[in-house]
Amino acid sequence: MSIHLSTPEDYKALLDKFETWIFDCDGVLWRGDELIDGVVEVLHILRCLKKQVVFVTNNATKSRKSYKTKFDQLGIEAHVDEIFGSAYASAVYLSSVIKLPKTKKVYVIGMGGLEEELRDEGISYLGGTNPADNTLEPFSLANFTLDPDVAAVVCGLDTQINYTKLSKAFQYLSRNPGCHFIATNEDSTYPSADGLLPGAGSISAPLRCAAGRDPICTGKPSNTMLDCVKAKINFDAERTIMIGDRLNTDILFGQNGGLSTLLVLTGITEEADITGPYASPIVPDFVTQALGDFRAVDKVKAP
Ligand SMILES: O=C(O)[C@H](O)[C@H](O)COP(=O)(O)O
Ligand SMILES: [Mg+2]
C-alpha cells in the first residue's frame, strides 16, 4: 500500500531519510519544454541540503550534453555527469555489453541526441537524421542495397518516423537474424506540454510486428540504465529514492534496483491507475501530486 504524502512533516521525513534523489524528467520536471511548478525551488532545497541528485530519462531524443543545455535554459542546476538518458544507455550497451566491433554499424531510428551518444562511444551508424532517410517518397526495395556492416538496429523516439526508415530497419532485422534489435525505451506515450503523444514504444511497435521479434530495451526499467548510473555514481540503495511519473518504467526501475520509489501525478500516471478496481500491480512506496509539494517543508514547526 502506498503512503500518500500530505503534511509538511511527511515531506521533511523523506528529506531526512534519503541522501540520493534520482529524478525522471518528462512528466516530473517538465512536460515538453514547459517547466512544472515548484521544480526549481525543490531542487534548490535538495542542493542546499547537500543531497546527491541524479537525472535519469528514457527520452532518447537528446544526448546528456544537450540535456544539460535544456536544464540550463529552464534554470535547473544540473551537471552533465548527473544526467543519464536512454540514448547514452543504448550507446554504452552497444560498446561495452555487446562490444560491437568498430568495423560494424548501427541502423538508427531516432534523432540527433541518439546519434551524438553513438558518436561519443565511437559507433558508426546509418539512418537517423540522414536526409535520404527522412523522406515521404515511396520506398523502393529494388533500389535499396543492404549495408553488410550493419549489425544492429537501434530504435528510439523519432518524431520524423516514416515508411522508409521502418522498411530499411526491417530489412536489416529480417535478412540478418543475427542483427541486434535494441529499443532505447518502451514508453507507450510521451507527456508533451499540450497532452499525450506516441512514445518511443509506439515507434518500435511496427518493427516488432513486422520482424516478429522483441528488442532488448536499455532504458528504464532495465538494469542496463541503472548499471550506467552505478558505473559513474556511488550511492547507497537503502538511502536512495527514485521519483517518476510512469509506473512500468520509473517505479519498476526503482524497485528492480532496490530503491525506494515516489510517484508523482504530473505526467503519465493518474490517481485511477493506483486506486480502485483497475489499479496497477506496480505499487510505489510513496505518492504525491507533484514534486513542488516538497515546498511544504518550509512550514514544518521548529521542535
Ligand atoms: O516516449 C518516450 O521516449 C518517453 O515517453 C519519454 O521520453 C520518457 O521520458 P522520461 O519520462 O523517462 O524522462
Ligand atoms: Mg517520465
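Just so you know, residue 1 is the first one in the sequence shown, and it goes up from there. Remember, it's 1-based here, ligands and their atoms both numbered in the order they're listed.
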>> Which residue is it: F144, F170, Y172? I am looking for the one with a ring pair (Phe, Tyr, Trp, His ring centres under 6.0 Å) to Y107.
In response: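 It is Y172; the other options fail the test.
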> Which of these passes side chain to side chain donor-acceptor pair (under 3.5 Å) with E19: K51, Q52, K50?
Replying inline: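 The single option meeting the side chain to side chain donor-acceptor pair (under 3.5 Å) with E19 is K51.
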> With a 4.0 Å cut-off on heavy atoms, is R246 touching ligand 1?
Replying inline: no
> Checking side chain to side chain contact (heavy atoms under 4.5 Å, CB included) for the pair D187/L157: CA distance, chi angles, key distance, verdict?
Replying inline: CA-CA 9 Å; D187 299 59; L157 183 56; over 6 Å; no
Can you name the atoms of ligand 1, numbered from 1 with element, that are less than 4.0 Å from a heavy atom of [X]?
{"X": "N59", "value": "7 (O), 9 (O)"}
{"X": "C25", "value": "13 (O)"}
{"X": "D187", "value": "1 (O), 2 (C), 4 (C), 5 (O), 8 (C)"}
{"X": "G199", "value": "1 (O)"}

Shortest protein contact, [atom] (heavy atom only):
{"atom": "atom 10 (P) of ligand 1", "result": "D24 OD1, 2.8 Å"}
{"atom": "atom 6 (C) of ligand 1", "result": "D26 OD2, 3.3 Å"}
{"atom": "atom 13 (O) of ligand 1", "result": "T57 OG1, 2.6 Å"}

> For the Mg ion (ligand 2), what is the closest N, O or S atom on D24?
Replying inline: OD2
> What orientation do F55 and F71 show, parallel under 30°, tilted 30 to 60°, or perpendicular over 60°?
Replying inline: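 Tilted.
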> Can you say whether the rings of F23 and W21 are parallel (under 30°), tilted (30 to 60°) or perpendicular (over 60°)?
Replying inline: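 Parallel.
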>> Under 2.8 Å from the Mg ion (ligand 2) - does any N, O or S atom of D245 fall there?
In response: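 An N, O or S atom of D245 is closer than 2.8 Å to the Mg ion (ligand 2), so yes.
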> How about D26: does one of its N, O or S atoms come closer than 2.8 Å to the Mg ion (ligand 2)?
Replying inline: yes
> Does P198 reach ligand 1 with a nitrogen or oxygen that is under 3.5 Å from one of the ligand's nitrogen or oxygen atoms?
Replying inline: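 No, since none of the N or O atoms of P198 sits under 3.5 Å from an N or O of ligand 1.
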> If you measure only the distance, is there a donor-acceptor pair under 3.5 Å linking the side chains of S90 and T218?
Replying inline: yes
> Is it true that D133 and K165 make a salt bridge, defined as a side-chain N closer than 4.0 Å to a carboxylate O?
Replying inline: no
>> Do the side chains of K168 and D147 get close enough for a salt bridge, i.e. N-O under 4.0 angstrom?
In response: no
>> Minimum distance, heavy atoms only, to atom 5 (O) of ligand 1: which one of T189, N58, N185 is it?
In response: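 Nearest option to atom 5 (O) of ligand 1, by heavy atoms: T189.
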>> V40 and side chain to side chain contact (heavy atoms under 4.5 Å, CB included): which single residue from L35, I45, L29 fits?
In response: L35
